[in-house]
Amino acid sequence: MPTQYAAAGRIEADELPSPSALLRAFREPDDPNRHRHRVLAAGRALVECHERRRNALQAAHAPDAPSGRVAQCLQLVDDLDAHRTELVGHIDNWVAGNVEHRAGASLHTETLGAVIDRMAAKWVAAQHALGMSAPVGPPHPLQLDDDAQLQWSRLAELADGYKDLITDVIEHRRRLPVW
């Protein structure tokens with residue numbers, strides 16, 4: 001079944017989500033498209049896993065954290081990583097069933113699920129860097145500190161790479177690994 005590049009607006013269940021739709025799903029827990037598309041739903045769930053993972057690691061590294069609390073936090077990180085693996089698998093299963101691949105196309109090095117997981121992790125890092133740089137309110141773009149600028153630049157690079165990847169897949173120049 002051929003897939004299309006999802007344009008702005010409503011996303012159909014058999015389309016590869018655009019970078020803007022994916023970032024919207026990351027940002028807006030109640031995005032209506034997220035409920036209509038398995039990839040967007042899994043992407044949002046990955047953001048939630050990375051957020052909880054970050055919080056657990058911070059708690060484990062607190063100077064006054066007792067050893068029992070550290071052990072609980074590290075167990076939670078392990079559980080979240082296992083859940084992330086499942087979510088990546090859901091995305092990759094969707095790709096296997098919905099994306100047509102040309103046999104001679106170059107094989108990408110990562111699955112789409114792995115790419116979206118990296119984007120979700122960078123989204124969380126960028127959000128926290130932005131929050132640390134402006135504790136009183138929304139920052140003016142020129143008020144971003146170096147870490148926030150770096151995190152947002154890296155997220156933008158990942159989003160550009162995602163767009164290039166799905167464009168290449170749709171145009172049959174590249175194929176995604178499926179298991």
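Remember, it's a predicted structure, so these values are computed and weren't measured experimentally.
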field: L176 vs T111 side-chain heavy atoms within contact, under 4.5 Å
entry: no
task = Taking the side chain as every heavy atom from C-beta outward, state whether L23 and L155 have any atom pair closer than 4.5 Å.
result = yes
The test is side chain to side chain contact (heavy atoms under 4.5 Å, CB included); show your working for W152 and Q127 and say whether it passes.
CA-CA 8 Å; W152 282 97; Q127 290 293 331; 3.5 Å; yes
Original post:
Do the side chains of L165 and L112 get nearer than 4.5 Å, heavy atoms only?
Top reply: yes
Go through it in stages, so that I can follow the logic: the residues are E157 and K122, the test is side chain to side chain contact (heavy atoms under 4.5 Å, CB included), and I'd like the CA-CA distance, side-chain angles, deciding distance and then a yes or no. CA-CA 10 Å; E157 289 169 357; K122 192 51 67 181; over 6 Å; no
Minimal heavy-atom distance between D92 and G113, with the atoms involved, is OD1-N, 2.8 Å
Here the pair of heavy atoms bringing C73 nearest to A60 is CB-CB, 3.7 Å
- Task: Return yes if some donor-acceptor pair links the side-chain N/O of H108 with the main-chain N/O of P177 below 3.5 Å, else return no.
- Result: no
Please tabulate, for the side chains in residues 79-87, all donor-acceptor contacts under 3.5 angstrom to protein atoms that are two or more places apart in sequence or on a different chain.
{"unit_1": "D79", "atom_1": "OD1", "unit_2": "Q75", "atom_2": "NE2", "d": "2.8"}
{"unit_1": "D81", "atom_1": "OD1", "unit_2": "R53", "atom_2": "NE", "d": "2.7"}
{"unit_1": "D81", "atom_1": "OD1", "unit_2": "R84", "atom_2": "NH1", "d": "2.6"}
{"unit_1": "D81", "atom_1": "OD2", "unit_2": "R53", "atom_2": "NH2", "d": "3.2"}
{"unit_1": "R84", "atom_1": "NE", "unit_2": "H50", "atom_2": "NE2", "d": "3.3"}
{"unit_1": "R84", "atom_1": "NE", "unit_2": "D117", "atom_2": "OD1", "d": "3.0"}
{"unit_1": "R84", "atom_1": "NH2", "unit_2": "D117", "atom_2": "OD2", "d": "2.7"}
{"unit_1": "T85", "atom_1": "OG1", "unit_2": "D81", "atom_2": "O", "d": "3.0"}

Distance col, row L46:CG vs I91:CD1, nearest 0.5 angstrom, shows 5.0 Å
request  = Check the side chains of H128 and R54 for a donor-acceptor pair under 3.5 angstrom, ignoring hydrogens and angles.
outcome  = yes
For residues 101-115, the salt bridge (Lys or Arg N to Asp or Glu O under 4.0 Å) pairs (sequence neighbours left out) are E110-R118
Between A120 and G43, the two heavy atoms sitting closest are CB-O, 4.4 Å
Smallest heavy-atom separation, A21 atom then L40 atom, equals O-CD2, 3.7 Å
Between the CD atom in Q72 and the OG atom in S67, the distance rounded to the nearest 0.5 Å is 10.0 Å
Just do the side chain to side chain contact (heavy atoms under 4.5 Å, CB included) check on R38 and N93 with the steps written out, would you? CA-CA 10 Å; R38 286 177 48 190; N93 288 337; 4.3 Å; yes
Consider only side-chain heavy atoms of I, L, V, M, F, W and Y, link residues closer than 4.5 Å, and tell whether V178 and Y162 are in one cluster.
yes
Interatomic distance, CG@D164 vs CZ@R173, rounded to 0.5 Å, equals 9.0 Å
task: Look at E48 together with R52 and state whether they make a salt bridge at an N to O cut-off of under 4.0 Å.
output: no
Check for a donor-acceptor pair, side chain of D168 on one end and backbone N or O of R174 on the other, with a separation under 3.5 Å.
no
- Query: According to the interplanar angle, ranging from 0 to 90°, do the rings of W123 and F26 count as parallel (below 30°), tilted (30 to 60°) or perpendicular (above 60°)?
  - Reply: tilted
Practice prompt. Mark yes or no for whether H61, through its side chain, and A59, through its backbone, hold a donor-acceptor pair below 3.5 Å.
Written response: no
Heavy-atom side-chain proximity of R175 to V169 below 4.5 angstrom = no
Value for CG (L16) from NZ (K163), rounded to nearest 0.5 Å, stands at 14.0 Å
Side chain of W94, backbone of V39: donor and acceptor closer than 3.5 Å?
no
